[in-house]
Amino acid sequence: MPGIDLTTLSETEYNHLASLEMTPAMAAEYLWSGRIVLRTFHDTLREFYPYPNLLIRLTAAFQADAREGKPDSIAKNVRNWVTGRSQPTSREDIFHIAFALSLSEQQAGYLLGLCTDYAIHYRDGREAVYAWFLRTGRSYGEARAFFESLPPAPRLDILPDRSGAHLTRDLQNEFLRVQTMDDLRLCYLQNLESFGALHLRAYTYFSKYLKQLIRPASPAGVPEPDYSMESVMEQYLSLKMPSGKNRGGYSVVQKLIKRNWPNATALKNIRLRKEDVPRKLLLLLYVITENVVDGEYHELDEDYISPRERLEDHWYCLNAILSDCGMPCLDPRNATDWLVLYAITAGEDQPMSERMEQVIEALYADVRSAEPP
């Protein structure tokens, strides 16, 4: 069992995967039938704030701080979040929820990761300021007003010149040392040129993985032309995922796994630093490349490593990468993470991507049969 705290339900899912008893068809049926107990935003929210006035408190906070929008519309949005009909997608809304419920900085980061792929981004000036106000027990209104009094950051997302630099962590440490609002303003101004909206570490991993797919090694040692983004998408990342946009008739799990599935346009935009690296894409690239990016020896390649040991080693490795990128660690109660963990259990004689593709093909078989010829 991995040396990481898991809830009882998460541990059950992990052990189910580690048992290696499911064929790809069985794994697809397990997901499709809804037997996996998914982690939801509204359940997590009630764990963080287990009091009966949750709906009243959130509604009052959002209506009081609203600059636009009708009270009835605001109340409906909040009610949908609390009852599980939807979840917030705006990071601003999630921060607002955290302030309204007096959540900790860590809890706010968890909710952000659950809904938007990334926890608090300390290289984003707004989020660094909001985190300080959360940490010091101040209000959302104070945090927003203070940030709006500051000059905007240039938003240049240029990789740092220093080799091995971890700019986001450095900035986080600087803001952790701030004690007063005057110090906060000074810290912000001193680091103005270092802020940026996109995540540097995730882009570094993305680039390493993508390089392996753009320029694949030839078995005969003959150089091959670089693959285009369209070719990378078709050859590696499609994985039998249906390409249609219509979600009618999809099960909950089918929708969750297909949501934000990468395409060639997204790959191009990410490569040009126009978009951030989605967590789902990073997970897929890990599976497709099997994290082989440097040609170095890995003990996981040896025959004496058991499938369960291989799963645990990949669990540690992938969680380290996710944490390094500011993303939530693997959650066996997340549909995509469950699929990734199942793919990782592939034996040495089967590529992880092939194992994932077999599950996807079976999971969406009903969708394909309903599509027009």
Going by salt bridge (Lys or Arg N to Asp or Glu O under 4.0 Å), name the pairs with one or both residues in [range], residues two or more places apart or in two chains.
range	answer
residues 136-147	none
residues 94-104	none
residues 276-288	Arg279-Asp337

Looking only at side chains, do [X] and [Y] share a donor and an acceptor under 3.5 Å apart?
X	Y	result
Ser149	Arg185	yes
Asn173	Tyr122	no
Thr116	Arg91	yes
Tyr342	Arg355	yes
Thr345	Arg308	no
Gln235	Glu230	no
Tyr140	Glu92	yes
Ser102	Arg57	yes
Ser228	Ser231	yes
Asn191	Ser194	no
Gln87	Trp81	no

Minimum heavy-atom separation for [X] to [Y], with atom names?
X	Y	value
Pro328	Leu322	O-CD1, 3.4 Å
Pro351	Ala346	O-CB, 4.2 Å
Leu239	Met356	CD1-SD, 3.7 Å

**OP:** List for me each residue that meets salt bridge (charged side-chain N to carboxylate O under 4.0 Å, His left out) alongside Asp65, sequence neighbours excluded, and say none if there are none.
**Re:** none

Using 0.5 Å steps for rounding, measure from the [atom1] atom of [X] to the [atom2] atom of [Y].
X	Y	atom1	atom2	value
Ile360	Leu339	CD1	CG	5.5 Å
Trp338	Ile257	CH2	CD1	9.0 Å
Lys208	Ile321	NZ	CD1	9.0 Å
Arg39	Asp331	CZ	CG	4.0 Å

Subject >> Salt-bridge contact Arg135-Glu105 (side-chain N to carboxylate O under 4.0 Å) >> reply: yes

Original post:
How about Leu103 and Leu134: do any of their side-chain heavy atoms sit closer than 4.5 Å?
Top reply: no

Subject >> Heavy-atom side-chain proximity of Asp117 to Val277 below 4.5 angstrom >> reply: no

Which label fits [X] and [Y]: parallel for a plane angle under 30°, tilted from 30 to 60°, or perpendicular past 60°?
X	Y	value
Tyr14	Trp315	perpendicular
Phe133	Phe146	tilted
His199	Tyr118	parallel

Original post:
Is it the case that one hydrophobic cluster holds both Leu111 and Leu55, taking links as side-chain heavy atoms less than 4.5 Å apart, direct or via other members?
Top reply: yes

Subject >> Same apolar cluster (I L V M F W Y, side chains within < 4.5 Å links), Tyr130/Leu192 >> reply: yes

Original post:
side-chain contact (heavy atoms from CB on, under 4.5 Å) with Ser33: which residues, sequence neighbours excluded?
Top reply: Glu29, Arg35

Subject >> Lys NZ or Arg CZ of Arg271 over Phe206 ring: under 6.0 Å, within 45° >> reply: no

**OP:** Determine which pairs satisfy side chain to side chain donor-acceptor pair (under 3.5 Å) with at least one residue from residues 17-26, sequence neighbours left out, and list them in order.
**Re:** none

Over 12 foreign heavy atoms within 6.0 Å of [atom1], [X]:
X	atom1	result
Ile56	CD1	no
Glu234	CD	no
Asn260	CG	no

Subject >> Check: Trp32 ring centroid to Tyr364 ring centroid under 6.0 Å >> reply: no

